[in-house]
Structures are given as structure tokens and as C-alpha cells.
2 protein chains.
Amino acid sequence: MRARIEDVAREAGVSPKTVSRVLNNEPNVRNEMRERILAAVEMLGYRPNPSARSLASNRAFLVALLYDNPSPHYVMEVQQGALEACDAHQYSMMVRPLVSGAPDFVERVDVLISQFRPDGLLLTPPICDHPALLDMLRTRNVPWASISPKNYTEGVGATLDERSASCEMVLHLASLGHRRIAHITGHPTHGGNVWRLRGYRDGLEQAHLAYDPELVVEGRFSFDSGVAGARRLFALEHRPTAIFGANDDTAAGILWAAAERGLKVPKDLSVCGFDDIPLARQVWPALTTVRQPSQDMGRIAAMQLLRTIKSGKPGQMVSVPYTLRLRQSTGAAPRRVRP
Amino acid sequence: MRARIEDVAREAGVSPKTVSRVLNNEPNVRNEMRERILAAVEMLGYRPNPSARSLASNRAFLVALLYDNPSPHYVMEVQQGALEACDAHQYSMMVRPLVSGAPDFVERVDVLISQFRPDGLLLTPPICDHPALLDMLRTRNVPWASISPKNYTEGVGATLDERSASCEMVLHLASLGHRRIAHITGHPTHGGNVWRLRGYRDGLEQAHLAYDPELVVEGRFSFDSGVAGARRLFALEHRPTAIFGANDDTAAGILWAAAERGLKVPKDLSVCGFDDIPLARQVWPALTTVRQPSQDMGRIAAMQLLRTIKSGKPGQMVSVPYTLRLRQSTGAAPRRVRP
DNA sequence: GCCGAATGTGACAGCGCTGTCAATCAACCG
DNA sequence: CGGTTGATTGACAGCGCTGTCACATTCGGC
């Protein structure tokens, strides 16, 4: 049978409670004692029983990651990073896919909380911007951390300056000579969408290009919405020479639609995306995009959440850096626009 | 405070133990009583405390999904399916990314088991074919279910007849007039690789085409290995007119390398893959591939695992159907091969 | 060297549930 | 009709840990 705390206590010649103190990093244990106990733990290969721990302490040592996201790669990256942070702090993590548009969405999370009693939640877009959910969490006093929330000036979590990144991207296109730069937006309820769109407008302004509403098409952060959006833009009388997709999936759709129409990228059309998922390198030509360190963001948000849980004081909203990845899908604007 | 089993018992006018019996579907409870108790559970919105449950019963109501897989989409699909099955049976699921090549791989899983005491493990390729791990699990008497293991004639889990699927794919290419059909294999330690390769040879044989070792290049189930493998095949004096990638990532790499070399797909070269991940539709031209219902496989494997756990008798290895998805990346063999 | 405060340690109950086993009851047998 | 099953229910202990509180020890200031 596996070692219990009592065995460690006997081995170290102390009471179980003292062992418990050491394991939980509680103060008021002499150093000598602490070391003796840690040695005994090591020797017996002791691991606390999480169920007993959580039953007795009424803490679950559990963080739940909630997602509702069309991009498995993104979720996977965030999950990986969050898992790293949880492991490092001896917390376990559960994952839960959800449909944030479902009528019983908030209730489902409520059930989840009463069932598993997680110490905190990790929210990805668009869940992190769901007002009713956040209200419920506040009421139930459950801490949470957000990844890329719409409002990045408060709360706990990790963000990226999507507005500046988008602005830079548009300036890059402008510097290549593009004058008609279109944008296929993300899902209107995603926080990211708001900032990427705003950054697009910033970029136009800074490049002294007029904003033309005709050139902004609503998408859904998906491949299909990229295809559909690009088809609409191609049908314009005066079509754009560059299209900025709100994410890489969208941009891949644009590329696909361009190929369908026989347009050469980047000769006839420049295309760029956002996120730098593997797909960005796997399409032809490889996508110019903004690298977003999703895994780091997952790790950082989880760390801030754990800090909040442990200290009771809210952690920070950490901004992580982005990088422009210039690849083959963007190039000089064509002299003359082919239909 | 949240309702406890005692509250339900009081409400229904029975002992806590009887409530427990109902909640655990134990026999020997009168129907009338069962219904009264369920009504009380419903009324109070009672949810058993998983920690207390697992502490008292020495079962964790927990399944761990282990993966070491380069394809996030695949893992995500399996995860989603497995989660559905676990939810339906009131089990929770933890996920754990691992590196099966690491020297301490088996030990890490061992630690995981003694720490969380999962009732069973769900193994994805290539982990499900790791002999040392399986030995350890047998020794520790931990049940597991596999998804697409190399040996699909025994054990518990879900498989797909990859051999027949690959054979059909090759026959499809042969029917289009291709005579030099190449194959870029998967990672040599993956079970799937063995059967896909064998199916490729079956197909050649059934089409009365000679097997040419020059046309089989070792890959790693990755985009990059597809690019590298295709470059090698293009360098052959007598290059293939069709390349069958062991999975869609590989096939996407082949497409990329073809574009790089200026080869038109499918006019100059036919390409096909395996799995039907979203990427297959997102490249240009869309990939002909084999649809593998990964989510169903995750769900089915989890169900079989849960059955094993609950009954003590091993569940089955369930074979799920595949479908050929013919898209634009395959076409009639060229009359004359351009260099 | 004495006293109060700060620090270090342990005894014990109990978290919410289930396993064990005993008690009760109805059905059935000869 | 007494005895024997088997079905149904409950009492109670205890899973492995931590919170609470009491007690022991050390420290600093005068």
C-alpha cells in the first residue's frame, strides 16, 4: 500500500500535522524539522492523496480551463501552457469544452462549479467576455483569469496588444504600396476582434489611407468565413490588392478563394493573418502573420490565477509581446489590378 | 452551503447509506424508495462531493487521457469524444501530454498513477504501443483502453481498418491511371504507420503494380517530413505521378513541396492523405483523404474503458468505419511526366 | 532572571462519503 | 406454522488529510 502522511510522520519522528504544514508551505516550522520531513517524504516516495486533502481543507487544488473555440491548435497551446503552470504548483487541471451561445451556458458552468469546486477558472475567448458568466462568478466568489479578454486594462490573466499588432501589419502592407487594404473580421463577440479591427483602422489612418466600409467584411475566425469573405471582396468593382484576415484560419480561407479565382499570391493579391498557427506555414504561399505566444499566455494566465487563489489578492493582467512574421503571402502591390 | 448526502437522506426519510446506494446504482433498493430519493436529489440540487466519494471508496471516478502527438487537431477530437463519454458516466477526465521517447516516460506515468489514482487510462498512439508502459500497467493492474493501437486484435479500445483504407486509396490512384505511386510513411514507431504501409503494398499488389522501395520514403506524420519526403521523390530520375502521404499533415507538406517546384496538382501530380483533418479542406487543392472519425473513436474507447472499470471484465476493441473522401488533389495520371 | 509575546508542535475532531456487517422484513418451503 | 432464504435497510467506523486550539518552547527587554 501507498505511504500515508502518518507513515511520513512516523519516519521523521513528528506528528502528521507538522508534515502537513511542511507540505503546504505553512510557516512556523523549524528548518531542521522541515528538512527531516522532506527527506522522509523523498524516502517513502510520499504523495498526498488529493481527495483527502481537498475533503479536509475544502480546497480542490483544481483549476478548470473552459473553452469554446473553433481553433483546436489555439486551445491545445493554451492548455499545454496552463498545464505546465498547474503541474508546477501541484494543482490539477480539468478541461471543459462549452458552447457559450447555448441558453444554459451559465447554468452549465454553475453545475460544474458546484460539482467539482475548482479553486479557479481559466477562461479563453469568447468565454472570458461573457457578461452573465462573469456576474455569476463574482456572485459565487470564484476567481478566474482570462486570456485575451476584450477589456485588458483590468482583471487577471494574459493579453497581447492586438491593436498595435494589427496596426503594424496594415502599415507593413501600406509600405509595400497597397492602397486598398481589406479586412475580414473575426467573430463579432470575440474580444480579439474588436482590437484587431481597431488596429486595422489605426493602421489605415497612420498610412493616410481612407477607411472604406466596403472593404471590411464580417467573418467568424474560421476558414469558411475567410473563403466567403474573400469571394465577396473579389466581387467588388474595385477590388482590394491586400486582405488582412483576422486570424490565420480566415487568411487560409482567403488564400483558398484566391486560388479558386486564379489569383496569384502575392503577385496579384497580398494576404496576411494573425496568430501564427502551424497552418500559416503549411499553406502555399506561407502566410505573413503575427506570432502570438499562446502557450506562454496559457502558462502566464494560469500562474496569475494560482497566485490569486493562493494569496487571495488578485494577480495581474500581463501583456505578452508579439512579433510580425513576414513570409511569402505578402508582396509589392500590383501595378494594375486584374479583375 | 451545498447539500450533503445527509440532507438528501433526511429529505427522503431514509439513511444516507440508502441514498448512496441509489446514487451508485447498487442493487437491492425498492423502486418506490429509489424514486423518492431521486426526487429529493433533484429538489435539493444535490451533487456528490467527488473528493469524499473517492476517499471513502478508494476509486477516483477519474480517467486520464495520455497523449504524445504532433497533431493538435487529432488530440482535440479524441479528447472531446472521450470527455463526452466520461461526462455521461459521471467520471471526470484529466489530460496529460507526455513525451514517450523521454527516458523517464514510464516513471512519469507511474507517478501520475500514484498521485491521482485514476481508475483507468486512455492511450493514444504512439503511447498505446509502448511495451514498457503496458508492462507497468499490467503489473500495477491499471486498466486502459487504446485508440488505434498497432495490435488491434486484442485489448480494449477503438480502431479503424487502416490497412484496408490505405489499400483502397492506392486502388483509387491506380484506377486514375497512376503507375508510379509513392508513399511517405508515418513515424516508424506509430502503430498506424505499420498498417498504412501494409495497406499501400496490398493496394499495389491488387493493382498488379510492382513494389519499388525507391518510392517509399520514411516520414514522421508531420508537415515538414512531407516536404522533405516529397523533395526526395521529386529528385528521382523517374519520379512518381502520385504520392500517398501517411496522414494529412504529410500530404499538406507534399502539396507545399509541389508548389515550390512548380508542379500543378492534380495535373502533374496527384496527392492524397489520411485522417481528414480540417487542414485537408483548407489547402489548395483540397486533399483527397480517408475520413477517420477521431471523436467517435475517443468516445468509444472511453466507453469501453468505463465498462471495463465498472464491470471488471475487459471491454472490446471496436472497429469504426472509414470513408474515402475524394477531393481535388487527385486526378488522372499525366500522359507524359514533366521533370 | 523574570514575564509576556512570538514561535513551534501536537492532539483531536471531522470533512462527506462508502464498506462492512448486522438487523429487519417478506416470501417461500415442507 | 416454524424455519430458511434472500431482499432491503441502517448503524457505524474510517478513508487520509487539515483546521482548530491547546500546550510547549524560545526570545527579547528590562
I need the [atom1]-[atom2] distance between [X] and [N], as an integer number of Å.
X: B:L55; N: C:dG19; atom1: CG; atom2: P; result: 12 Å
X: B:R34; N: D:dT8; atom1: CZ; atom2: P; result: 9 Å
X: B:R59; N: C:dC17; atom1: CZ; atom2: P; result: 14 Å
X: A:M33; N: D:dA24; atom1: CE; atom2: P; result: 17 Å
X: B:N58; N: D:dC17; atom1: CG; atom2: C1'; result: 14 Å
X: A:E32; N: D:dT26; atom1: CD; atom2: C1'; result: 14 Å
X: A:N28; N: D:dA22; atom1: CG; atom2: C1'; result: 15 Å
X: A:R10; N: C:dA11; atom1: CZ; atom2: P; result: 13 Å

For a side chain to side chain donor-acceptor pair (under 3.5 Å) check, start with the C-alpha distance between A:T153 and A:N151, then their side-chain angles and the critical distance, and finish with the verdict. CA-CA 6 Å; A:T153 55; A:N151 179 344; 2.8 Å; yes
Does A:P16 or B:V14 map to a spot on DNA chain D nearer the 5' end, using the closest nucleotide for each?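 Between the two, 5'-proximity favours B:V14.
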The side chain of [X] is closest to which nucleotide in this list: [options]?
X: A:R53; options: D:dG10, D:dC17, D:dG19; answer: D:dC17
X: B:A56; options: C:dT9, C:dG16, D:dT18; answer: C:dG16
X: A:R21; options: C:dC17, C:dT9, D:dC17; answer: C:dT9

With sugar-phosphate meaning primed atoms plus P, OP1 and OP2, does A:F61 contact a base, only sugar-phosphate, or nothing at under 4.0 Å between heavy atoms?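 No contact at all - A:F61 keeps every heavy atom at 4.0 Å or more from the nucleic acid.
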Give A:P27 one of three labels, base, sugar-phosphate or nothing, depending on what nucleic acid heavy atoms sit under 4.0 Å from its own.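 Touches nothing.
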Check: B:Q304 side chain, B:G315 main-chain N or O, donor-acceptor pair, under 3.5 Å: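 Checking the backbone N and O of B:G315 against the side chain of B:Q304, no donor-acceptor pair under 3.5 Å is found.
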Is there a donor in the side chain of A:Q79 and an acceptor in the side chain of A:E84, or the other way round, less than 3.5 Å apart?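 Absent: no donor and acceptor within the cut-off.
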Looking only at side-chain N and O atoms, does [X] come under 4.0 Å of OP1 or OP2 in [N]?
X: B:N24; N: C:dT18; answer: yes
X: B:S20; N: C:dC17; answer: no
X: B:S15; N: D:dG10; answer: yes
X: B:R30; N: D:dT9; answer: yes
X: A:T18; N: C:dG10; answer: yes

Can you name the nearest heavy-atom pair linking A:L55 to B:S51, along with the distance?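 Between these two residues, the closest heavy atoms are N-CB, 4.1 Å.
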Using every non-hydrogen atom in the two residues, find where A:C86 and A:L306 come nearest and quote the distance to one decimal.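 In terms of heavy atoms, the two residues are closest at CA-CD1, 4.1 Å.
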